[in-house]
Peer 1: 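For reference, the structure I am asking about is given below.
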Amino acid sequence: MLEKLIKDFLRELQATGRSKKTVEAYGYHLEKFARFCEENGYDFHAINGKESRVFRNWLVGQSLKPASINAIIAAVKSFYDFLVEEEEVKGNPIVSRRLRVAEGKSLPAFLTKTEEKKILSYLANLPYHVALAFKTMLASGLRVSEAAALKAEDVLIQQGGVFLAVKHGKGDKARMVPVTNRNVALDLLVFAQEKAQGEKLFGVTDNTLKWYARVIRQATGVDFHSHRCRHTLATRLLAKGTPIDVVQEILGHQNINTTRRYARTSPEKIYQLAAKIG
């Protein structure tokens with residue numbers, strides 16, 4: 001019964017335009033809830049406030065990160081909203097503000113110049129299309145899923161600059177993203193011209209790129225993952241004085257507070273404040 005309702009809920013999410021990645025994430029989170037109910041003998045119809053805290057504590061016992069726990073709780077809350085609408089339950093027992101786990105406020109981890117040099121040097125050992133995908137993420141701030149989804153026709157020239165058309169970003173929102181490195185922009189133009197319309201630009205999945213990121217990490221000793229390319233571009237744009245709302249648009253952040261976190265990682269701005277003694 002619970003498994004069927006979860007499937008119905010996921011189909012509803014898909015029907016309302018949620019992205020494939022979002023639906024998959026909800027499915028993963030709700031699998032946790034289903035396993036909790038099975039292992040502890042709970043009937044999901046009868047879950048109350050006290051038992052919802054037991055669920056939260058069970059998640060903590062799984063050694064999950066606080067952010068993951070909060071995401072699971074939010075997913076279960078949405079699921080119960082669906083159950084209320086379907087008249088499967090009378091009320092929603094999940095009160096997010098009471099169940100949330102405190103999250104450490106870690107800052108985005110940008111690549112230092114030394115780290116970036118090591119990464120770029122190692123990319124020469126990888127297949128050209130894979131190396132270009134990572135260079136593109138570093139020069140545009142694309143998410144790894146967005147880079148993997150690019151097609152040949154998504155590389156565009158607008159007002160003399162090269163842009164990437166992200167058609168299904170986070171939240172299924174579209175945006176135009178500038179390529180900030182001239183050499184990468186030129187390489188993309190040539191590479192895209194060799195592809196057929198509708199063909200995937202890099203010809204790989206996001207999981208393949210994540211696998212190569214692990215290869216890079218092991219080979220260089222740099223704590224590298226694809227998202228650090230995004231962090232690096234955002235930090236450097238803000239350090240150059242790019243308006244924060246422009247950076248927000250480039251990255252596709254729904255909330256500008258997410259973008260503001262990058263402003264706190266820019267050492268150049270701090271260095272400029274110190275009185276020069278030499």
Side-chain angles (χ1 to χ4, degrees), residues 17-22 24-25 67-68 70-71 74 103-113 115-116 119-120 132-151 154-159 161-185 187-188 201-202 204-207 209-210 213 216 222-270:
R18 298 297 185 94
S19 69
K20 181 181 178 182
K21 287 288 184 184
T22 298
E24 288 176 353
S68 297
N70 292 334
E103 298 181 27
K105 295 183 179 180
S106 59
L107 295 175
F110 63 92
L111 292 168
T112 65
K113 290 292 186 181
E115 290 176 327
E116 182 183 8
I119 298 299
L120 292 175
L132 184 56
F134 283 112
K135 290 178 182 178
T136 299
M137 284 186 276
L138 188 57
S140 65
L142 292 189
R143 300 177 177 92
V144 63
S145 58
E146 294 169 345
L150 287 174
K151 295 182 179 179
D154 294 333
V155 182
L156 306 169
I157 299 178
Q158 299 284 341
Q159 298 184 19
V162 175
F163 290 78
L164 301 172
V166 176
K167 296 174 181 175
H168 300 285
K170 192 171 184 179
D172 208 30
K173 292 188 175 181
R175 68 186 193 281
M176 292 287 288
V177 180
V179 180
T180 63
N181 181 288
R182 184 175 185 274
N183 291 332
V184 175
D187 288 345
L188 281 170
L201 183 62
F202 300 119
V204 294
T205 65
D206 54 344
N207 285 331
L209 291 174
K210 289 175 184 177
I216 295 169
V222 176
D223 183 19
F224 178 74
H225 50 82
S226 55
H227 224 61
R228 288 196 73 186
C229 296
R230 183 171 166 83
H231 296 331
T232 301
L233 179 74
T235 300
R236 290 180 182 169
L237 288 177
L238 288 168
K240 290 178 181 179
T242 306
I244 195 167
D245 59 323
V246 174
V247 178
Q248 178 190 14
E249 179 66 23
I250 291 171
L251 297 183
H253 287 155
Q254 293 184 349
N255 191 327
I256 200 168
N257 287 329
T258 305
T259 317
R260 284 197 178 99
R261 294 175 65 232
Y262 292 97
R264 297 171 58 195
T265 67
S266 178
E268 288 85 353
K269 291 295 185 183
I270 297 174

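No hydrogens, no waters, no symmetry mates; every other heavy atom, side chains included, goes into these values.
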Peer 1: Going by heavy atoms in the side chains, are Val162 and Val155 under 4.5 Å from each other?
Peer 2: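 Yes - at least one pair of side-chain heavy atoms lies under 4.5 Å apart.
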Peer 1: Any side-chain heavy-atom pair from Leu188 and Leu164 closer than 4.5 angstrom?
Peer 2: yes
Peer 1: Looking only at heavy atoms, which two atoms of Met137 and Val144 are closest? And how far apart?
Peer 2: SD-CA, 3.8 Å
Peer 1: After noting the C-alpha distance and the side-chain angles of Thr136 and Val184, does the key distance pass the side-chain contact (heavy atoms from CB on, under 4.5 Å) rule?
Peer 2: CA-CA 7 Å; Thr136 299; Val184 175; 4.0 Å; yes
Peer 1: On a heavy-atom basis, which atom in Arg175 and which in Leu142 lie closest, and how many Å separate them?
Peer 2: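 Closest approach of Arg175 to Leu142, heavy atoms only: NH2-CD2, 4.0 Å.
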Peer 1: Might you point out which heavy atoms bring Leu111 and Arg236 nearest each other, and give the distance in Å?
Peer 2: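 Heavy atoms only, the tightest pair is O-NH2, 3.2 Å.
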Peer 1: Could you check whether any side-chain N or O of Thr180 sits under 3.5 Å from a backbone N or O of Ala139, counting only pairs where one atom can act as donor and the other as acceptor?
Peer 2: yes
Peer 1: Taking C-beta and beyond as the side chain, do Val222 and Ile216 meet within less than 4.5 Å on heavy atoms?
Peer 2: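 Not touching, per the 4.5 Å side-chain cut-off.
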Peer 1: To the nearest 0.5 Å, what is the distance between NE2 on His225 and NE2 on His231?
Peer 2: 5.5 Å
Peer 1: Going by heavy atoms in the side chains, are Ile119 and Leu138 under 4.5 Å from each other?
Peer 2: no
Peer 1: Does Phe163 reach the side chain of Ser140, with side-chain heavy atoms less than 4.5 Å apart?
Peer 2: no
Peer 1: With rounding to the nearest 0.5 Å, note down the distance linking CG in Leu132 to CZ in Phe202.
Peer 2: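 Reported to 0.5 Å precision, the distance equals 4.5 Å.
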Peer 1: Give the intermediate values and the outcome of side-chain contact (heavy atoms from CB on, under 4.5 Å) for residues Glu115 and Thr232.
Peer 2: CA-CA 11 Å; Glu115 290 176 327; Thr232 301; over 6 Å; no
Peer 1: Could you grab the distance from atom NZ of Lys135 to atom CG of Asn181, nearest 0.5 Å is fine?
Peer 2: 9.0 Å
Peer 1: Just to verify, what does Asp223 make a side chain to side chain contact (heavy atoms under 4.5 Å, CB included) with, not counting sequence neighbours?
Peer 2: Arg217, Arg228
Peer 1: Nearest heavy-atom pair of Leu251 and Ala234: which atoms, and what distance?
Peer 2: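 In terms of heavy atoms, the two residues are closest at CD1-CB, 3.6 Å.
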Peer 1: Nearest 0.5 angstrom please: Arg18 CZ to Glu24 CD, how far?
Peer 2: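 Going from CZ on Arg18 over to CD on Glu24, the span is 14.5 Å.
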Peer 1: Kindly compute the distance separating CZ (Arg230) from OG1 (Thr235), expressed to the nearest 0.5 Å.
Peer 2: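 Between atom CZ of Arg230 and atom OG1 of Thr235 there are 11.5 Å.
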Peer 1: Looking only at non-hydrogen atoms, find the nearest pair between Phe134 and Cys229 and report the distance.
Peer 2: O-SG, 4.1 Å
Peer 1: Just so I know, are the side chains of Met176 and Leu156 near enough to count as touching, which here means a heavy-atom distance under 4.5 Å?
Peer 2: yes
Peer 1: Looking at every non-hydrogen atom in both residues, tell me the closest pair between Ala148 and Thr205 and how far apart they are.
Peer 2: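 Smallest heavy-atom distance, with atoms named: CB-C, 3.8 Å.
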Peer 1: To the closest 0.5 Å, what do you measure between CD (Glu146) and OG (Ser226)?
Peer 2: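 The CD atom of Glu146 sits 11.0 Å away from the OG atom of Ser226.
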Peer 1: Are the side chain of Asp154 and the backbone of Lys151 linked by a donor-acceptor contact shorter than 3.5 Å?
Peer 2: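 Looks like yes, one N/O pair under 3.5 Å.
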